[in-house]
S.K.: 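Here's a structure for you.
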Amino acid sequence: MINLDKGSKVKLKIVDMTHEGKGVGRTEDGLAVFVDRALVGDTVEAEITKMKKNYAEASTVAIIERSEDRIESRCPVSQRCGGCDLQELKYEKQLEMKQKKVKDALSKLAKVDVVVEDIVHAENIENYRNKVNMHIGYDENVQIGYYERGSHNVVDTDSCNINSEVSKKVAAVAKTWLEQNKIDCVRHIVVRDSKKTGDTMVIIVSGTKKMPMIELLSDLLVEEIPEVKTVVQNINTKIGSGILGEKNRVVYGEGYIYDYVGNHKFKISPETFFQVNTEGMELLYSKVMDYAALNGSEYVYDIYCGIGTITLMLAEKAKMVYGVEYVEKSVANAVENAELNNISNVEFYAGRAENVMPDLYRDGKVADVVVIDPPRKGCEKRVLETVVKVEPKKIVYVSCNPSTMARDIAFLVENGYRAEKVQPVDMFPMSSHVEAVTLLVKA
Ligand code: SAH
């Protein structure tokens, strides 16, 4: 086995990219090296950071020859910041990479032969996020931003180009205030906004139950930034447990905001899931509707329905839609959202899909079409087994993780479905993440 010492430097020609956006080079001995921040076509000096069994990991020390696909970074901290991984890659090359990622997952992992349609690109590649999670670090100054790649050091910047404009205003006000008042219990600030209603929610995540003078910070945010309609304190005392803790306390306003997806209005609470790119979501869900091709007579399942975004769209074209979701607050929002939009042909079931689906099937709730939009880890086997028993004519599988999508599609193909077509959608410009919708029909 070839061994390279950690810290040693090698010159590499980058010949490919991994699905995570790293450059792939080979040493003279043929060892594959995955290089952070290197692009296909670059020649780089790389420093070995980790030696694995069959490959090495490295970081870029210097670019010796620039790839033709490389552009000047739009971001001053892109070399360090973990928020994005493709800031230096031309947008059309980002799209090519994501198209390939979806294609490879289906052909190599799922081993299914399926048409992958051309990726739908984003209309706006900057400032697209409707939800920004900012981490806070303290030394002599306060830092607000994303974590550095591979660490929990906060990269302070006031010019992030994927974050919403309003989140940058919030960051600036909060940073000065925290410094002036010497408050160091705020661990994160989450900003959720709607470009359509202009409403903004600020969630101040404190590591302590009480946060001194939070009302003053809240008043200042409301005064300085007119878009701020509500401020919520979230308490998260457990280190390493994700961004939001379990307890929310409304400090100002109603504790929720509204956004629109298409014509539907949605109530969004701090803890509920909502895709981070509203425009991208509309492109993605219109593809879901194309693939579902409903005529008004169908019974439909929407599994992993969140606050009912896809459910309500489906309901406009179906006879009846059953939504399944395990976050109670999301289900409560989904019920309200249906009422808010005068939609009554929907029923929501709270609980884990793997438990709820077998119960619904036992109760005879069949479906002509099943939409599945699981979290990154994909579906529990029991969900897929039940879907197969339900025998829908069509399954529309929406995913943010091509590998788990491929695994689940392979299962459905082995169990009586044919994968007809796949549509990748770029919801996350500058990052290597990609969404995809797959249409499966009963074989
Ligand atoms: N379709 C929705 C949400 C998709 S994200 C939308 O487009 O907005 C995935 C959703 O699955 C989240 O709302 C998450 O809370 C939910 N979820 C995750 N694991 C689950 C499980 N085991 N059972 C039911 N819901 C689950």
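Read the numbers this way: they start at 1 and go in the same order the structure lists the ligands and their atoms.
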S.K.: Could you tell me if the side chain of Val190 sits less than 4.5 Å from the side chain of Ile243, heavy atoms only?
M.R.: yes
S.K.: Below 4.5 Å, heavy atoms only, C-beta onward: do Val371 and Val288 meet side chain to side chain?
M.R.: yes
S.K.: Distance under 4.0 Å to a non-hydrogen atom of Arg352: what atoms of ligand 1 satisfy this?
M.R.: 22 (N), 23 (N)
S.K.: Give me the residue, atom name and distance of the protein heavy atom closest to atom 8 (O) of ligand 1.
M.R.: Thr309 OG1, 2.9 Å
S.K.: Is the shortest side-chain N to carboxylate O distance from Glu336 to Lys267 below 4.0 Å?
M.R.: yes
S.K.: Whether the side chain of Lys168 engages the backbone of Cys160 through a donor-acceptor N/O pair (distance < 3.5 Å, no angle test) should be reported.
M.R.: yes
S.K.: Specify side chain, backbone, both or neither for Ser330, according to which of its non-hydrogen atoms lie closer than 4.0 Å to ligand 1.
M.R.: neither
S.K.: Quick one: which ligand 1 atoms are inside 4.0 Å of a heavy atom on Gly351?
M.R.: 23 (N), 24 (C)
S.K.: Taking the ring centre of each residue, are Tyr299 and Tyr301 less than 6.0 Å apart?
M.R.: no
S.K.: Verify, without hydrogens or angle tests, whether Ser151 (side chain) and Tyr147 (backbone) share a donor-acceptor contact under 3.5 angstrom.
M.R.: no
S.K.: Nearest heavy atom to atom 7 (O) of ligand 1: which of Phe274, Phe273, Tyr285 does it belong to?
M.R.: Tyr285
S.K.: Parallel under 30°, tilted from 30 to 60°, perpendicular over 60°: which one fits the rings of Phe274 and Phe266?
M.R.: tilted
S.K.: What residue and heavy atom of the protein are closest to atom 23 (N) of ligand 1, and at what distance?
M.R.: Ala353 N, 2.8 Å
S.K.: Examine Glu354 against ligand 1 and note whether any of their N/O atoms are separated by less than 3.5 Å.
M.R.: yes
S.K.: Against Asp426, only a single residue in Gln94, Lys98, His121 fulfils side-chain hydrogen bond (donor to acceptor under 3.5 Å, both in side chains); can you say which?
M.R.: Lys98
S.K.: For atom 25 (N) of ligand 1, what is the nearest protein heavy atom, given as residue, atom name and distance?
M.R.: Tyr326 N, 3.3 Å
S.K.: By number and element, which atoms of ligand 1 are closer than 4.0 Å to a non-hydrogen atom of Val327?
M.R.: 15 (O)
S.K.: Do Lys169 and Glu227 sit within salt-bridge range, that is, some charged N less than 4.0 Å from a carboxylate O?
M.R.: yes
S.K.: Backbone or side chain, does any N or O of Glu325 fall under 3.5 Å from an N or O of ligand 1?
M.R.: yes
S.K.: As an exercise, identify every atom of ligand 1 less than 4.0 angstrom from a heavy atom of Cys305.
M.R.: 1 (N), 2 (C)
S.K.: Considering Thr272, Asp373, Val261, which one's heavy-atom position lies nearest to atom 9 (C) of ligand 1?
M.R.: Asp373
S.K.: To check your reading of the model: name the closest protein heavy atom to atom 11 (O) of ligand 1, its residue, and the distance in Å.
M.R.: Tyr304 CB, 3.4 Å
